[in-house]
Amino acid sequence: MLGLDNAGKTTIVKRIMNEDVTTVSPTLGFIIKTIDFMGYKLNIWDVGGQKTLRSYWKNYFEKTDTLVWVVDATDRLRVNDCRHELAGLLLEERLTGASLLVFLNKTDVEHCMDEQEVRERLDLDSIKTHKWTILPCSAMTGTNLNEGLEWVVQDAKDRLFLY
Ligand code: G3D
């Protein structure tokens, strides 16, 4: 799970794990959590998103089935930065076979960017190299987090049947 700092990655992981979401501090390194979901074990790597940490992202790509890219729906100022970082990741050789789930987080906040706006501003429709989807969600309310994990599991299942 990657994204710019402050996108809500740690809060999403905490919400999924049913932990208290009112106390999060910036992720300086990474946190690994394993959850049981629909009979599968999902290993979630929450990797810090600050600019200084982004060069380390590539150390986490080995054996990644799905890249969960978390976008802050309230952060219009950094949406270009967000598009640029995502585009760079999709060029990474070790992520070639990975699928992409874009979690549009913080959609509980009024006047935030909606799915259509983010699709356009991140240029998602031009992505042909990876199977992808976008889901508006909220780590605060829990909206759509399970649906996102379901997509991840279903996608992994589909790939198992292919091999
Ligand atoms: P990161 O791990 O991507 O860096 P964090 O992001 O999980 O640390 O979250 C950054 C801030 O966004 C936190 O606020 C957190 O409470 C808030 N946040 C995360 N998800 C949501 C959401 O879905 N809705 C809203 N409204 N806020 C969210 P603070 O104030 O602690 O910086």
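Counting starts at 1 for both ligands and their atoms, following the listed order. Each residue takes its place number in the sequence, starting with 1. For the numbers below, each heavy atom of this structure counts, side chains included, while hydrogens, waters and symmetry mates do not.
At a heavy-atom distance under 4.0 Å, only side-chain atoms of V109, from C-beta outward, approach ligand 1. Residue contacts with ligand 1 for N6 involve both N, CA, C or O and side-chain atoms from C-beta outward (heavy atoms, distance under 4.0 Å).
Polar contact check, M140 against ligand 1: a nitrogen or oxygen pair lies under 3.5 Å apart. The distance criterion of under 3.5 Å between nitrogen or oxygen atoms is not met by D5 with respect to ligand 1. Looking at ligand 1, you won't find any N or O of C137 less than 3.5 Å from one of its N or O atoms.
Heavy-atom contacts of S138 reach the following atoms of ligand 1: 23 (O) (cutoff under 4.0 Å). In summary, the atoms of ligand 1 found under 4.0 Å from a heavy atom of T10, numbered by their order in the structure, are 2 (O), 7 (O). Near A139, meaning under 4.0 Å from one of its heavy atoms, ligand 1 places the atoms 20 (N), 22 (C), 23 (O). The D108 neighbourhood of ligand 1 comprises atoms 22 (C), 23 (O), 24 (N), 25 (C), 26 (N), with distances under 4.0 Å to a heavy atom of that residue. Close contacts between ligand 1 and K9 involve ligand atoms 1 (P), 2 (O), 3 (O), 4 (O), 6 (O), 7 (O) [criterion: under 4.0 Å to a heavy atom]. Atoms of ligand 1 lying under 4.0 Å from at least one heavy atom of N105, given by number and element, are 19 (C), 20 (N), 21 (C), 23 (O).
By the 4.5 Å heavy-atom criterion applied to side chains, K33 and K14 are not counted as neighbours. Annotation: side chain of L135 is not in contact with side chain of V102 (no heavy-atom distance under 4.5 Å).
If you run side chain to side chain contact (heavy atoms under 4.5 Å, CB included) between V71 and each of L104, I134, L4, only L104 comes through. Looking at K106, R78, K9 one by one, the single match for side chain to side chain donor-acceptor pair (under 3.5 Å) with D72 turns out to be K106.
W151 and V153 fall within a single hydrophobic cluster, where Ile, Leu, Val, Met, Phe, Trp and Tyr side chains are chained together by heavy-atom contacts under 4.5 Å.
No side-chain donor from either of N146 and E150 sits under 3.5 Å from a side-chain acceptor of the other.
T66 places no side-chain N or O within donor-acceptor distance of the main-chain N or O of V68, the cut-off being under 3.5 Å. Looking only at distances, no side-chain donor or acceptor of T143 sits under 3.5 Å from a matching main-chain atom of S138.
Among residues two or more places apart in sequence or in another chain, the side-chain hydrogen bond (donor to acceptor under 3.5 Å, both in side chains) test is passed with D155 by S99, K131, R159.
Residue contacts with ligand 1 leave out G3, since none of its heavy atoms falls under 4.0 Å from the ligand.
Of the options K106, M1, R15, the smallest heavy-atom separation from atom 28 (C) of ligand 1 is shown by K106.
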